Peer 1: 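Quick one: this structure, given as structure tokens, is what I'll be asking you about.
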Amino acid sequence: MMKKIKQIFLLALGIGLIFTLTGCSSANDNTYKEVKQSKSITWGIRADTRLFGLTNIRTGKIEGFEVDLAQALTKQMLGKNAHADFLTTTANTRIPLLKNHNIDVVLATMTITKEREKQVDFTKPYFPAGSSLLVPDDSKIKDVRQLNDKTVLAVKGTTAVDDVHKFAPKARILQFDDYGQAMSALKAKQGVALTTDNGLLAGIAQENPGYKLVGGVYAYAPYGIAVDKGQTQMVDHLNKALKELEENGTYNRLINKWFKGIPGFNVKEMLK
């Protein structure tokens with residue numbers, strides 16, 4: 001009986017050791033070497049964010065600035081025959097998907113913050129975003145400080161939630177899973193304003209006549225491309241490719257393609 005118990009114990013110990021070694025191996029993976037070998041990068045992108053990444057209901061494809069930028073970066077890094085694959089993410093799922101190796105890179109309206117830098121590594125900023133407000137055309141709200149004791153709408157996991165409380169500490173925040181739900185709530189008057197980054201709000205306003213951006217940018221928070229913590233080689237190559245796209249005019253072409261002519265959005269501030 002004791003011999004059988006000992007055998008079971010050793011078997012369990014062996015299985016545990018296998019899992020431990022597997023975990024260590026996964027942590028030491030080199031993302032850049034893997035994508036270079038496969039000639040492909042799996043990008044985590046948004047599919048609910050107009051201008052950045054939105055599903056075209058006619059074609060079923062996700063279209064936007066970040067989709068085009070991801071494709072350009074893939075070819076700039078790995079060659080003209082390289083392939084970009086895409087997996088839809090949300091503000092809540094993008095870091096877990098990255099940590100679980102479901103994706104190689106996050107390019108999904110992700111603000112660079114010190115808290116997030118504890119979990120991921122960022123490239124240099126690729127989009128100078130900042131928190132702003134979207135309200136109905138007949139709203140009397142003109143400034144974030146007017147939001148005290150009022151209900152403000154936001155999306156879970158975004159930095160705008162904390163940004164609002166810095167300027168209006170008594171504001172009530174009602175959070176949703178995505179921007180479609182948040183905008184529907186604004187239309188239903190569940191809150192007086194929707195807050196998130198200015199670029200995102202510009203796309204929402206374009207799609208929804210009768211709504212406008214107000215108050216300018218009340219908290220600057222640029223977007224960065226994220227990789228798993230410790231993947232410094234991948235960060236270096238992404239930064240190099242991004243700089244090359246800026247220098248050869250590709251970046252400016254994509255900015256003009258997606259943002260030129262958007263009311264309240266200053267394209268000239270974006271151009272490199």
Side-chain angles (χ1 to χ4, degrees), residues 26-27 29-36 38 40-55 61-78 82-131 154-162 177-179 196-197 199-200 203 221-243 245 251 254-255 258:
S26 176
D29 286 345
N30 186 309
T31 302
Y32 177 69
K33 287 184 179 179
E34 291 174 359
V35 300
K36 186 178 180 181
S38 66
S40 66
I41 299 176
T42 301
W43 300 81
I45 58 171
R46 302 299 296 255
D48 63 344
T49 310
R50 191 174 181 84
L51 302 179
F52 289 88
L54 184 69
T55 302
K61 294 182 178 180
I62 303 173
E63 301 172 348
F65 169 70
E66 290 179 333
V67 178
D68 287 353
L69 183 60
Q71 291 172 334
L73 285 168
T74 300
K75 294 185 182 300
Q76 191 68 33
M77 285 177 59
L78 305 177
H83 183 66
D85 297 312
F86 298 106
L87 186 66
T88 301
T89 65
T90 66
N92 279 342
T93 64
R94 53 197 175 189
I95 290 181
L97 287 171
L98 191 61
K99 290 292 185 183
N100 291 333
H101 303 285
N102 300 109
I103 54 179
D104 301 310
V105 187
V106 174
L107 182 55
T109 64
M110 191 170 180
T111 302
I112 300 171
T113 67
K114 290 183 178 180
E115 189 63 29
R116 287 171 179 164
E117 285 177 333
K118 296 176 182 177
Q119 297 180 281
V120 302
D121 287 334
F122 284 102
T123 62
K124 67 176 187 177
Y126 69 90
F127 192 90
S131 295
V155 170
K156 295 175 183 176
T158 61
T159 56
V161 175
D162 293 329
D177 290 327
D178 57 50
Y179 292 104
T196 191
D197 301 328
L200 306 186
Y223 297 156
I225 303 169
V227 301
D228 200 4
K229 196 70 179 172
Q231 298 295 337
T232 54
Q233 194 173 6
M234 190 66 174
V235 171
D236 290 343
H237 283 276
L238 284 166
N239 277 331
K240 180 175 180 291
L242 184 57
K243 182 179 180 181
L245 293 181
Y251 180 87
L254 295 180
I255 287 292
W258 290 103

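All of these numbers come straight from a predicted model, not from anything done at the bench. As a basis for the values below, the full set of heavy atoms in this structure was taken, side chains included, without hydrogen atoms, waters or symmetry mates.
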Peer 1: Once rounded to the nearest 0.5 Å, what's the spacing between atom CD1 of I225 and atom CZ of F122?
Peer 2: 10.5 Å
Peer 1: Of all the heavy-atom pairs spanning A154 and V161, show the shortest one and how long it is.
Peer 2: CB-CG2, 3.8 Å
Peer 1: For Y179, check ring pair (Phe, Tyr, Trp, His ring centres under 6.0 Å) against everything at least two apart and list the hits.
Peer 2: none
Peer 1: Do any N or O atoms from the side chain of K33 and from the backbone of Q233 form a donor-acceptor pair under 3.5 angstrom?
Peer 2: no
Peer 1: Check whether any side-chain heavy atom of R94 lies under 4.5 Å from a side-chain heavy atom of R116, and answer yes or no.
Peer 2: yes
Peer 1: Any non-hydrogen side-chain atom of M77 less than 4.5 Å from a side-chain atom of M234?
Peer 2: yes
Peer 1: How long is the gap from NZ on K229 to NZ on K118, to the nearest 0.5 Å?
Peer 2: 10.5 Å
Peer 1: Would you mind listing every salt bridge (Lys or Arg N to Asp or Glu O under 4.0 Å) that reaches into residues 233-242, with sequence neighbours excluded?
Peer 2: K240-E244
Peer 1: Please say which of V120, D121, T232, V106 ends up in a side-chain contact (heavy atoms from CB on, under 4.5 Å) with V227.
Peer 2: D121
Peer 1: Is the count of non-hydrogen atoms from other residues, nucleotides or ligands lying under 6.0 Å from K36 atom NZ greater than 12?
Peer 2: no
Peer 1: Are the side chains of K156 and D177 in touch, meaning some heavy atoms are under 4.5 Å apart?
Peer 2: yes
Peer 1: Suppose we screen for side chain to side chain donor-acceptor pair (under 3.5 Å). Which residues come up paired with K61, at least two apart in sequence or across chains?
Peer 2: none
Peer 1: Please lay out, stage by stage, how T113 and T159 fare under the test side chain to side chain contact (heavy atoms under 4.5 Å, CB included).
Peer 2: CA-CA 8 Å; T113 67; T159 56; 3.6 Å; yes
Peer 1: If you define the side chain from C-beta out and look only at heavy atoms, does anything of L69 sit under 4.5 Å from F127?
Peer 2: no
Peer 1: Measuring from atom CG of D228 to atom CD of Q119, what distance do you get when rounded to the nearest 0.5 angstrom?
Peer 2: 9.5 Å
Peer 1: Does D29 offer a backbone N or O that forms a donor-acceptor pair with the side chain of Q231 under 3.5 Å?
Peer 2: yes
Peer 1: Under a 4.5 Å cut-off applied to non-hydrogen side-chain atoms, are S131 and D197 in contact?
Peer 2: yes
Peer 1: Roughly how far, to the nearest 0.5 Å, is the CH2 atom of W43 from the CD1 atom of I103?
Peer 2: 10.5 Å
Peer 1: Suppose we screen for side chain to side chain contact (heavy atoms under 4.5 Å, CB included). Which residues come up paired with P125, at least two apart in sequence or across chains?
Peer 2: I112, P222
Peer 1: Please report the shortest heavy-atom distance between A72 and L245, naming the atom on each side.
Peer 2: CB-CD1, 3.8 Å
Peer 1: Indicate the atoms forming the closest heavy-atom contact of T42 with N102, along with that distance.
Peer 2: CG2-O, 3.7 Å
Peer 1: Can you name the nearest heavy-atom pair linking F86 to A70, along with the distance?
Peer 2: CE2-CB, 3.7 Å
Peer 1: Could you tell me which residues satisfy salt bridge (charged side-chain N to carboxylate O under 4.0 Å, His left out) with D104, sequence neighbours excluded, listed by chain and number?
Peer 2: none
Peer 1: Using the side chain to side chain donor-acceptor pair (under 3.5 Å) criterion, which residues pair with S38? Sequence neighbours excluded.
Peer 2: S40
Peer 1: Please report the closest heavy-atom contact between G53 and V67, naming both atoms and the distance.
Peer 2: CA-CG2, 4.4 Å
Peer 1: Locate the shortest heavy-atom distance separating R46 from A91; write the atom from each residue and the value.
Peer 2: NH1-N, 3.9 Å
Peer 1: For T93, give me all partners under side chain to side chain contact (heavy atoms under 4.5 Å, CB included), at least two apart in sequence or on another chain.
Peer 2: T89, T90, L97
Peer 1: Are V235 and N239 packed together at the side-chain level, in the sense that at least one heavy-atom pair is separated by less than 4.5 angstrom?
Peer 2: yes
Peer 1: Which distance, rounded to the nearest 0.5 Å, do you find between the CD1 of I45 and the OG1 of T88?
Peer 2: 6.0 Å
Peer 1: With sequence neighbours excluded, tell me which residues meet side chain to side chain donor-acceptor pair (under 3.5 Å) with D162.
Peer 2: none
Peer 1: Return the set of residues passing side chain to side chain contact (heavy atoms under 4.5 Å, CB included) with D178 (not counting sequence neighbours), or none when no residue passes.
Peer 2: D48, Q181
Peer 1: Under the side chain to side chain donor-acceptor pair (under 3.5 Å) test, which residues partner T109, sequence neighbours left out?
Peer 2: none
Peer 1: Less than 4.5 Å apart, side chain to side chain, heavy atoms only: is that true for W258 and E66?
Peer 2: no
Peer 1: Does a side-chain heavy-atom distance below 4.5 Å link M110 with I95?
Peer 2: yes
Peer 1: For Y32, check ring pair (Phe, Tyr, Trp, His ring centres under 6.0 Å) against everything at least two apart and list the hits.
Peer 2: H237
Peer 1: Using salt bridge (charged side-chain N to carboxylate O under 4.0 Å, His left out) as the criterion, list what pairs up with K114, not counting sequence neighbours.
Peer 2: none
Peer 1: Distance check, rounded to the nearest 0.5 Å: H83 atom NE2 versus I41 atom CD1?
Peer 2: 11.0 Å
